[in-house]
Amino acid sequence: LLTIADLLITKSGSVSYAEGIFMNVPMILDATATLLYWERLNHILLEKHNWGISLKKASDLNKAILKILGNPEYHTAILDRLKSYPKHR
């Protein structure tokens with residue numbers, strides 16, 4: 001499904017997050033509750049590389065979706081950054 005997705009809204013788990021990176025899909029990661037240490041690192045990397053949004057409040061979900069999908073230039077910039085990130089199989 002990620003091959004046809006424009007956006008991945010997911011939990012902070014490393015497998016889901018890695019699949020999003022590998023498939024070059026912009027992401028919104030759930031940070032609405034206390035994050036586990038190893039999941040917090042996923043949010044740090046997401047924000048550092050600007051691959052999407054770390055969602056702190058559930059009420060901001062619509063705004064986050066519109067920021068990514070409602071702005072084609074921003075969406076394309078995220079795609080370009082994801083595609084240029086080296087990935088190893």
Note, [X] side chain near [Y] side chain (heavy atom, < 4.5 Å):
{"X": "Ile65", "Y": "Ile9", "result": "yes"}
{"X": "Leu8", "Y": "Tyr17", "result": "no"}
{"X": "Ile21", "Y": "Met27", "result": "yes"}
{"X": "Asp30", "Y": "Thr10", "result": "no"}
{"X": "Leu29", "Y": "Glu39", "result": "no"}

**Report entry** ILVMFWY network linking Phe22 to Val25, side-chain heavy atoms under 4.5 angstrom
**Finding:** yes
Query raised in the report: Do Leu41 and Leu45 belong to the same hydrophobic cluster, where Ile, Leu, Val, Met, Phe, Trp and Tyr are linked whenever their side-chain heavy atoms lie under 4.5 Å apart, directly or via other members?
Result: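 No; Leu45 is not reachable from Leu41 via cluster members.
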Heavy-atom pair with the smallest gap, counting every atom of [X] and [Y]:
{"X": "Gly13", "Y": "Asn42", "answer": "C-ND2, 3.8 Å"}
{"X": "Ile28", "Y": "Ala64", "answer": "CD1-CB, 3.7 Å"}
{"X": "Pro26", "Y": "Leu82", "answer": "N-CD1, 3.6 Å"}

Query raised in the report: For residues 57-86, which residue pairs qualify under side chain to side chain donor-acceptor pair (under 3.5 Å), counting only residues two or more places apart or in two chains?
Result: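 Output for this query lists Asn50-Tyr74.
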Report summary line: To the nearest 0.5 Å, atom CD1 of Ile68 lies from atom CD1 of Ile53 at 4.0 Å
**Report entry** Reported CD1-to-CG distance for the pair Ile78 and Leu7, which is rounded to 0.5 angstrom
**Finding:**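 Going from CD1 on Ile78 over to CG on Leu7, the span is 8.5 Å.
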Query - Neighbour count >12 (heavy atoms, 6.0 Å) for atom CG, Leu1 - result: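 Not more than 12 within 6.0 Å, no.
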